[in-house]
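Have a look at the structure below before the remarks.
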Amino acid sequence: MALDSKSELREFKIVGTRPLRPDGIDKVTGKARFGADITAPGMLVGLVLRSPHAHARIVSIDTSRAEAVPGVHAVVTRADFAEPGEDVADILDNCMAGAKALYDGHAVAAIAASSGKIARDALKLIDVVYEVLPHVTDVDAAMKPGAPVLHEGRTDETVPEGLSPNVISRHEFGHGDIEAGLAQADRIVERTFQTEATHQGYIEPHACLAQMGPDGQADLWCCTQGHYMARNVCAEILGLEQGQLRVTASEIGGGFGGKTTVFLEPVALMLARKSGRPVKMVMTRSEVLRATGPTASSSIDVKIGMTKDGRITAGFAELRYQGGAYPGSPVDMGSMSAFAPYDLEHVKTIGWDVVTNRPKQAAYRAPGAPMAAFAVESAIDELARGFGLDPLEVRLKNAAREGTRASYGPTYPAIGLEATLRTAKDHPHWSAPLGENQGRGVACGFWFNFGGDTCVTLNITPDGTVTVSEGNPDIGGSRASMSMMAAEELGIPYEKVRTIVADTGSLGQNEVTDGSRVTFAVGLATIEAARAAIREMCKRAAMVWGIEPEAVEWVDGAAQPAGPNAGEHPPMTLAEIAAIASNTGGPIAGHHEANPEGAGVSFATHMVDTEVDPDTGAVKILRYTVFQDAGKAIHPAYVEGQFQGGAVQGIGWALNEEYIYGEDGVLQNAGFLDYRVPVASDLPMIDTVILEIPNPGHPYGVRGVGETSIVPPLAAVANAVSAASGVRMTSLPISPPKLLAALHER
Amino acid sequence: MHYHSPTSVEDAVKVLAAQSGDCRILAGGTDLLVRMRSGLAEPDAILDIKRIDGMRSITREEGGFRVGAAVSGTEMAEHAALVAAWPGVVEATGLIGSTQIQGRATMAGNLCNASPAADSVPAMVAAGAVAQVAGPNGVRDIPVAQIPTGPGKTSLGPGEFVTSIFLPARPDRASDAYLRFIPRTEMDIAVVGCGVSITLDASGTCTEARVALGAVAPTVIEVPEAATALVGTPLDDPALSALSAACSAAASPISDKRGTVEFRTHVAGVLARRAAVIAKTRAGAA
Ligand SMILES: Cc1cc2nc3c(=O)[nH]c(=O)nc-3n(C[C@H](O)[C@H](O)[C@H](O)COP(=O)(O)OP(=O)(O)OC[C@H]3O[C@@H](n4cnc5c(N)ncnc54)[C@H](O)[C@@H]3O)c2cc1C
């Protein structure tokens, strides 16, 4: 891996500009093909029958009446699937229930029929006998001995005796001595915080089309954040060889982590196998909300000590996350990230992973971190205000820097937290006047970022244009960013490069589009692939000139002799070399495969003004500014979009979004009417300030930017509400009835 | 499924009388078509009223306005005289949905859908609006407040449908207002709604008032005690406080995913006060 340590000195021509996105016209004219737009001749409609119960033993399923309906080609239940391997067992069970239905909306059977109407009518003819069991949806209730138990024997050795079998694992991080640290404090704040589950809220529901021949070859088209993941998981569940299942990713209408697993795909493939016909499945919004991953809900105790001049002497948090019906809530990441922005001598977090009768959580933008930040940043705010200290100053005083030992273990290289705080302090937003019932809040956030398996192939076409094939669905404009980096490296115009997301038959393994990894890892591979192509082009020029390849250098899109000793040759452009490629050794390409380390952690500071209506508890967001370190912003408009999107999702999480369960454990708001994501008129323009502290792990200094932006807003909004109203809200969402009740209690 | 699109009220009544299965009236379709799409309604027949003569016009009558049952919210908002006389009714209808929904949604559809949270209904009740109903037994006029009988239920008999809504004439110094509470700024459903209509005399004293609340009972309710609190006063602070108290007292909401009993009860009083202040200003009080 090439690390350009002087990347900050490099003068970019294309990187840092804002060209049009290559998928833009198709998207605004409706031509882009999303998951539900893929069709095949003879295709059937697949629908899923879902459990109406939060927790029930499946006594029997009789599909004979449904199978007898003319037009029904296949009915699938769990009995059709072979016993799964351990690593896909929970995924399969989530896609198609086995012995028990574990949440309202859990799939129990599926039908493929020649029309949607036939499939809908036939679903009603599947007879499922349920033995309804007691259920639990609250994390604290689920941990208690005697709580209804979802699974026996899943608890690992980290969990002490005496808790419910719903408690799966315990995680601990930190260093120092909390009691000793607390003893040095002038004041200690100890509080419990709660957050509700929120859904990723992508506009495009899950959809796929599956086809499988009797020869064992299968094709799958789906809306996913990772078609290589979909291939590997489906191949294992269906007993196919990975090489025989080709998966093509559609355009994707949002994912935010929620499309990093499979829901419909194995079922569609099984229906296709049984029926011998292509099968298309598309979820309704209600299915999306009931049965695909929201994030975890949480209950968090925080204890922080501070001296009166604002030094944090100790930070402790105990985090309990329920991640739905299967192990794997992101409580480990919540526990690691909770205090990550601060340089603390005494810090400790304990995390508990708990299962409940809710849909299996899926990754949601910085999984686990926003809730932890809500708790910690609220407590720090309370301490700072209690001492009459400037909350930005307090954070600066405790900010992690290069050389700080992070609360989760490693020692930080160059990081950008301090820069975001200083920029925030100098920004006009910080000193703007506020009116009656208005208040300002700030909070910091951290995210790890990630590399992961990555392959890129870059081809030079005979006419001198360039195609880049990468294996990561483009959620945030990554095709534009890849084209920009390839063009930058090759020294050709952006318009000469077209980047595509290739199917699983075209490249090696690619990690899903997650962990804010794509611009970093795929960008790095794209740059390296371009460098490989450049080396080959220099070789071809050397051949033509009859000199050594080492005597040729690449400057501004052309090969040229590296020095006077190399002889007098006019430069050969990329197009000129491409035109004679066939006669100089054949087609020219570059490729790069890697699992790059060095993703570079990222920090942000958010600032928000709110106004509270004291008579109704309604909260209005008046002004919002995001300050975040991007390392290097390849396409600044998309970086700003990521900052804004994360802030808006966090505002929704803070104010109105929540999963509401009835006494019966049934989700009461499985639709966008009562699952309230913010609408445009709820929001001011979200202002952004991009900071660029280069990441030494990337040739251009890139850090992932997609996730950090959702970490601070929960706390920032809560802190602003507290400043505006005088009440500290420790439970999200801060919906009007809750805030009004708190105002009346005061 | 059969689709009927008669051009006269008489034909519509005949078609309806001939139905044996489940036949639904289609106005803007912003409730009905959504219900059909989601599988909540599977009617055997649909009778579209939009082609019926007179259904899409707003006409002056006895100094008031007769609004055809297929007139959309957008068409109401474009009718300057209607807006001047009944700004509260027009703004309530104008709150329904988004720009797209506005081009289709009707007041009569909002009324006959019989949601306790329907936005235009408290404003219509406060306005003393009267629905004209056609059916097998001819035509009858019935106060709007008497049409919804419970969530999703109306007093309309078999084969009956609403042909128009009549908004009466306005004296000078009279106006109305409607406010709703929603957690978002749009695309939401009223947690509480309140319509207030008032008439002032030359000295600014309230001579007549009507107040109605939405989403705090199984149907929209009129609150006579709230009107009493206003009549004879200059809508000053004590009167407004009495209005608030009367509305909170009259509210008998439930706790559900959209709001608690305590919240709805309190906010009913808050909105009534705020709506009354707006109506007072609109009526030209000093
Ligand atoms: C996105 C969206 C947002 C919405 N927002 C709101 C909102 O903010 N506030 C609100 O109150 N509503 C809202 N609604 C609901 C709906 O738009 C309103 O109730 C609207 O006024 C219905 O009018 P319509 O003409 O479209 O009715 P339709 O859908 O045509 O009919 C509604 C019902 O009334 C019956 N009906 C219609 N006309 C007659 C008649 N003349 N005689 C007898 N029966 C009749 C129909 O059979 C049907 O049962 C929203 C709907 C959508 C889809």
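So you know, we letter chains A, B, ... as the sequences are listed, proteins then strands, and number each from 1.
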Query - Heavy-atom closest pair, residues F181(B) and A618(A) - result: CE1-CB, 3.7 Å
Report task. Could you look at S681(A) and say if it's the side chain, the backbone, both or neither that has a heavy atom under 4.5 Å from chain B? Result -> both
Query raised in the report: Are the side chain of T185(B) and the backbone of D682(A) linked by a donor-acceptor contact shorter than 3.5 Å?
Result: yes
**Report entry** Within 6.0 Å of CZ in R746(A), more than 12 heavy atoms from elsewhere
**Finding:** yes
**Report entry** Donor-acceptor pair, side chain of R184(B) and main chain of V677(A), under 3.5 angstrom
**Finding:** yes
Report summary line: Given V679(A), I660(A), T616(A), the one with more heavy-atom pairs under 4.5 angstrom with chain B than any other is T616(A)
Report task. Heavy-atom distances under 4.5 Å only: say whether R274(B) touches chain A with side chain, backbone, both or neither. Result -> side chain
Query raised in the report: Hey, is D615(A) close enough to R273(B) for a salt bridge, meaning N to O under 4.0 Å?
Result: no
Query raised in the report: Taking all atoms of both residues into account, what is the closest heavy-atom pair of G259(B) and P737(A), and its distance?
Result: CA-CG, 4.1 Å
**Report entry** Neighbour count above 12 (heavy atom, 6.0 Å) for K620(A) NZ
**Finding:** no
Query raised in the report: Given side chains that start at C-beta, do those of H744(A) and E262(B) come closer than 4.5 Å, heavy atoms only?
Result: no
Report summary line: Correct closest heavy-atom pair for R676(A) and D188(B) would be NE-OD2, 2.7 Å
Query raised in the report: Should we count NZ of K153(B) as having more than 12 external heavy atoms under 6.0 Å?
Result: no
Query - Validation row: E658(A), K257(B) side chains within 4.5 angstrom (heavy atoms) - result: no
Query - R104(B), CZ: over 12 other non-hydrogen atoms inside 6.0 angstrom - result: no
Query raised in the report: Is it the side chain or the backbone of L673(A) that comes within 4.5 Å of chain B heavy atoms, both, or neither?
Result: both
